[in-house]
Amino acid sequence: MIVMPLRHYTCACHPNAGCLEIKLFFMAIERRKFLRNVGLAMAGALTVRLPVLGGAFAGGGRLPLAPGPDAAWIASLYERGNVTTYLKSKNELQYIGMPVGGIMCGTVYLGGDGRLWLWDIFNKNQEGIEPKVVNYSANVLDGGKKVRSRDGACYIEPSKNIRPLDQGFALQLSWNGQSIIRRFDEESWPEISFEATYPIATIRYTDPALPVAITMEAFSPFIPLNEDDSGLPVTILSYKIENKSTTPVTATILGWLENKTAIYSAGDAHERVNTIVKGKNWQGIYESVRTKNGSSKDFQQQYDYGNFCIAAAGNKVILNPAMPGGELTAAHFSPMPAGPVVRNVEEKLTGAVATRHNILPGKTIRTDFAISWYAANLHFKDIQGEGRYYANKFADASAVMKYVQENYARLSNESRLWKNTWYDASLPWWFMERTFLNISTLATTTAHRFRSGRFYAWEGVGTCEGTCTHVWQYAQAVGRIFPALERDTRQRVDLGIGQMPDGGILFRGEAEKRPAIDGQAGTILRIYREHQMSKDSTFLQKNWPNIKKATLFLIRQDRNNDGMEDTPMENTLDAIWDGEIAWIVGLCIAAVKAAALMATEVNDTAFAAICNDYTEKGKRNMETQLFNGEYFIHQPDKVKGRSVIGSYNTCHIDQVYGQSWAFQVGMDRVLDKAKTLSALKALYKYNFMPDVGPYIAAHPGGRPYALAGEGGMIMNTNPRNEEFPFGVKDAWQLGYFNECMSGFEHQVAAHMMAEGMTDEALTLTRAIHDRYHAAKRNPFNEIECSDHYARAMASYGTFITASGFRYHGPNGFIAFAPAMNKDNFKAPFVTAEGWGTYTQKGGSHTLQLKYGRLQLQTLCFQHTGVKEVLLGDKKTPATFNEENGYVTIQLAAPLQLEAGQQLHLTIV
């Protein structure tokens, strides 16, 4: 490796300038080799399991106010540990369903044993991954002792083994005169391990009696900042076989896929067709459906109409357009005639591909397979948009396959590069997994992208339409990983389709006729985040008039002009609350503060002054009127009093949500630190329980998102023991207050992390992680109102605050302030145009860019007693300012990093 300086920047000396030297390092190797080598190989060691949460507390559980977890258990939360690995031998594979299709392409699950299942790609728009109603031991909301998909059916009865079509892989192995045929499924191997590292899972098939070691990686291309290549309707399965013996082996891997195109609409008038297709370096089977007597445009418009393709890389693929049924034999691993095979719909038709390799002793081969699909006829009633986005680029599944194969090196290398970048961190493995994996929601039928490019989503699979503002505003992941999607949604929907003349934003777009107060405020904060995650100010400048209208609407909801919103409006708890409510008031303060900062950037100083006046009054009055000495509350309407639903004197999970949001966008404090910490400590004291069982038994009505023996944070508790703490006694929404909803819990954990309550933040996050252990349910499906619930993507916010990451693309500003492991910290970062790794060791700071580009002019780090700042080994003057434990470094001129370069800085 050759390390060489690229550019140097100089500036005139300033009386307050330190001596700075800038040095960019370029790895002078071919980009292909760089992408291949830059990430460390992921170790296959099994995870060291932490103790069960309840066991860390006295008596295996506690009521509020009891002693906390022991010191050893808390210390274990900080340990780096190893990748979470689920095992067949521990019965941990049956519920695993990791989404491995492209984002916004439907849902294809990777099972714990490597088989694909669920196949919700046919635009059925059903509620939940498995629409069902299950019995429960207590009343749930207003529905009796029944639990629907939207109530958590898959939480208490996890889905498994949903296979509307036949698909699988198998191995034929020959060595020393012996031969075996074995399917890659749970029943066929003594041990299978599943490494839960979204977006690429690693599965190992183990049998000591065999002379080979077999590993499979499964994924769809996933590249942050590249939503198009991350949105391909394809699953890649890459098998690696190592010959551990002293004699040659012959290994053949067979993959098959049943043709179930038009799975619901095809009937007697139709037939299915399998055809061999070949590309430059791939061969496969194209699976389609057609009308028997000529084309039928009506049939081609059916919601489930489409096609499949299964293929393998290489020019010597064994192809079989009509694999025979029955037990697998050697005949299944042999080629068949090349002509198209046509079958009636009621007859099973399965296409198969195989690759054969002779592997010498000690050698390893890799063989890649892919399955693509095409079901583009997406449509929602009364919504402006139809068709799937991938139809803009591809005519069918074979075109998808052609693109993937022709670009495979780049797509796979950049996807692996991201996986290695994300998990090559000093933060705990389990923490990196739990805070990131919820973005897999984008690769489910919760999320869609129309042919027009518009992003559209449910709250959870098939439930609650319209990319709901008061739910999606919690979801921090998308705006950080695929910011272009969020920018377009703010502009096209929230400030376009959904904005009313008075500035109000319809909280479900055209599917609603009202704004929601929390959704309005959260959307303004998201707009500020989307501006920060832009390379320049174009987005802000273009949308400022409508942003201003939206902010004025929010300010006008303060009827008595005291800075505290008090207009009865819908909120995320599905009710209209009266009075002055701490969590809504604080959220509005944060939103208007963000608008003030944006106003300043566009030189609208008059409006910035209006916003600052509102926030100053609001902060002052909220802290004096809505703080009860321990936590923030809901002040009743002066006329209605407590005759209507509200949280009142209870300890509500979102009470300081405004300050939590402020930390996500790098704002100064919007609420007093001491009072905010008191409120968070009250939440941990009264609402968090390592075993929620006794509480939910005593407070029925909530949906089962945490069960007896599991830990979690209750939405609302009643520390003052009031008789009717929520004002009314029979509203169906009261059940919400007794639930553990992971999206809200992640929000609190993110806030605790930002405020220095790292023990509590990790404990709460670990409680969620343990609730979704694969021995109990699908680790990749955090459930609220249906499966793969959007609010759970708040988990990424906890990673943001653990890194102390702040970023403002148009200003070229980046900052890090790790919440733990400060002396030896390493974590990924994503900016407007690039991503990479940040490392901090004492006063040494390194930003290594792995992908894209990054423009910088100002950097900020935790440091005191600064004498000078060195960048590289050539002294270049630049200013630095030390304040409140941080040093801000102002470079003399903008500095641009490209992929493969790094910036190294030392503060002494």
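Note that the structure is a prediction, hence the values are computed from the model and not measured.
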| Are any side-chain N or O atoms of Ser440 and backbone N or O atoms of Ala443, one a donor and one an acceptor, separated by less than 3.5 Å? | no
| message | Is there a salt bridge (Lys or Arg N to Asp or Glu O under 4.0 Å) between Asp166 and Lys348? Walk through the geometry before answering. | response | CA-CA 9 Å; Asp166 182 19; Lys348 186 173 183 178; 2.9 Å; yes
| said: Using the ring centroid of each side chain, check whether Phe380 and Trp458 are separated by less than 6.0 Å. | reply: yes
| request: Using atom types as modelled and distance alone, determine if a side-chain donor or acceptor of Ser795 lies under 3.5 Å from a backbone N or O of Thr435. | output: yes
| Backbone N or O of Tyr303 within a donor-acceptor pair of the Asn123 side chain at under 3.5 Å? | yes
| field | Heavy-atom side-chain proximity of Ile241 to His357 below 4.5 angstrom | value | no
| Does a salt bridge link Glu217 with Arg366, judged by any charged N lying under 4.0 Å from a carboxylate O? | yes
| task | Hey, can you tell me if Phe780 and Phe194 have their rings parallel, tilted or perpendicular (30° and 60° cut-offs)? | result | perpendicular
| query | Side chains of Asp396 and Asn307: donor-acceptor distance under 3.5 Å anywhere? | reply | no
| message | Using ring centroids (six-membered ring only for Trp), state whether Phe222 and Phe482 fall under 6.0 Å. | response | yes
| request: Tell me, with the steps shown, if Lys292 and Asn344 meet side chain to side chain donor-acceptor pair (under 3.5 Å). | output: CA-CA 9 Å; Lys292 290 180 180 178; Asn344 290 327; 3.1 Å; yes
| Near Asp268 CG, under 6.0 Å, is it more than 12 heavy atoms from other residues, nucleotides or ligands? | no
| query | Is the backbone N or O of Leu417 less than 3.5 Å from a side-chain atom of Asn420, with the two atoms forming a donor-acceptor pair by type? | reply | no
| Considering only heavy atoms from C-beta outward, does the side chain of Leu319 approach that of Pro335 to under 4.5 Å? | no
| query | Is there a side-chain contact between Glu92 and Thr85 (heavy atoms, below 4.5 Å)? | reply | no
| What's the verdict on side chain to side chain contact (heavy atoms under 4.5 Å, CB included) for Leu378 and Asn125, showing C-alpha distance, side-chain angles and the deciding distance? | CA-CA 9 Å; Leu378 179 68; Asn125 297 330; 4.1 Å; yes
| said: With rounding to the nearest 0.5 angstrom, report the OG to CZ distance, Ser288 to Phe308. | reply: 11.5 Å
| request: Decide if atom CD of Glu327 counts as having more than 12 heavy atoms of other residues, nucleotides or ligands within a radius under 6.0 Å. | output: no
| query | Is the shortest side-chain N to carboxylate O distance from Glu386 to Arg451 below 4.0 Å? | reply | no
| query | What distance do Ile310 atom CD1 and Phe169 atom CZ have between them, rounded to the nearest 0.5 Å? | reply | 5.0 Å
| Heavy-atom check, side chain of Thr261 versus side chain of Tyr374, under 4.5 Å | no
| request: Could you check Lys160, Glu186, Lys88 and say which one makes a side-chain hydrogen bond (donor to acceptor under 3.5 Å, both in side chains) with Gln94? | output: Lys160
| message | Whether Arg434 and Glu782 form a salt bridge (side-chain N of Lys/Arg under 4.0 Å from carboxylate O of Asp/Glu) is what I want to check. | response | yes
| said: Less than 4.0 angstrom from a charged side-chain N to a carboxylate O is my criterion; do Asp207 and Arg182 meet it? | reply: yes
| request: Could you tell me whether the side chain of Met104 reaches within less than 4.5 Å of the side chain of Tyr456, counting heavy atoms only? | output: no
| query | Do you know which of Trp429, Tyr198, Phe436 makes ring pair (Phe, Tyr, Trp, His ring centres under 6.0 Å) with Trp422? | reply | Phe436
| task | To the nearest 0.5 Å, tell me how far Asp229 CG sits from Arg410 CZ. | result | 4.5 Å
| message | When you measure from the side chain of His448 to the backbone of Arg388, do you find a donor-acceptor pair of N or O atoms at a distance under 3.5 Å? | response | no
| said: Taking Val234's backbone N and O only, do any of them form a donor-acceptor pair with Ser372's side chain (distance below 3.5 Å, no angle check)? | reply: no
| query | Hey, would you say the His379 and Tyr305 ring centroids sit under 6.0 Å apart? | reply | no
| task | Check the surroundings of atom CG in Asn161: do more than 12 heavy atoms from other residues, nucleotides or ligands lie under 6.0 Å from it? | result | yes
| request: May I ask you to check whether Asp120 and Tyr109 show a side-chain donor-acceptor distance below 3.5 Å? | output: no
| Passes side chain to side chain donor-acceptor pair (under 3.5 Å), Asn438 versus Tyr789? Steps please. | CA-CA 9 Å; Asn438 285 313; Tyr789 199 74; over 6 Å; no
| said: Just verifying a value: how many Å separate Asn320 CG and Ile285 CD1, rounded to the nearest 0.5 Å? | reply: 7.0 Å
| request: Kindly say whether Leu116 contributes a backbone atom to a donor-acceptor pair with the side chain of Arg163 at under 3.5 angstrom? | output: yes
| request: Go through the steps for Gln167 and Glu258 under the test side chain to side chain contact (heavy atoms under 4.5 Å, CB included), then give the verdict. | output: CA-CA 6 Å; Gln167 182 279 322; Glu258 183 183 3; over 6 Å; no
| Geometric class of the Phe369/Tyr239 ring pair [parallel <30°, tilted 30-60°, perpendicular >60°] | perpendicular
| Do Lys132 and Glu130 sit within salt-bridge range, that is, some charged N less than 4.0 Å from a carboxylate O? | yes
| message | Over 60° means perpendicular and under 30° means parallel, so tell me whether Trp835 and Tyr851 are parallel, tilted or perpendicular. | response | parallel
| field | Neighbour count above 12 (heavy atom, 6.0 Å) for Lys776 NZ | value | yes
| request: Could you grab the distance from atom CD of Gln405 to atom CH2 of Trp282, nearest 0.5 Å is fine? | output: 7.0 Å
| field | Side chain to side chain, His788 and Pro99, heavy atoms closer than 4.5 Å | value | yes
| Do the non-hydrogen side-chain atoms of Asn377 and Gln302 ever get within less than 4.5 Å of each other? | no
| With no hydrogens and no angle check, is any side-chain donor or acceptor of Lys260 less than 3.5 Å from a backbone partner on Pro164? | yes
| request: Identify whether the distance between the nearest side-chain nitrogen and carboxylate oxygen of Glu347 and Arg272 falls below 4.0 Å. | output: no
| query | Between Asp113 and Arg183, is the closest basic N to carboxylate O distance under 4.0 Å? | reply | no
| message | Could you measure the distance from the OG1 atom of Thr444 to the CD1 atom of Ile103? Nearest 0.5 Å is fine. | response | 11.0 Å
| request: Side-chain contact test, heavy atoms from C-beta onward, threshold under 4.5 Å: evaluate it for Asp787 versus Asn778 and give yes or no. | output: no
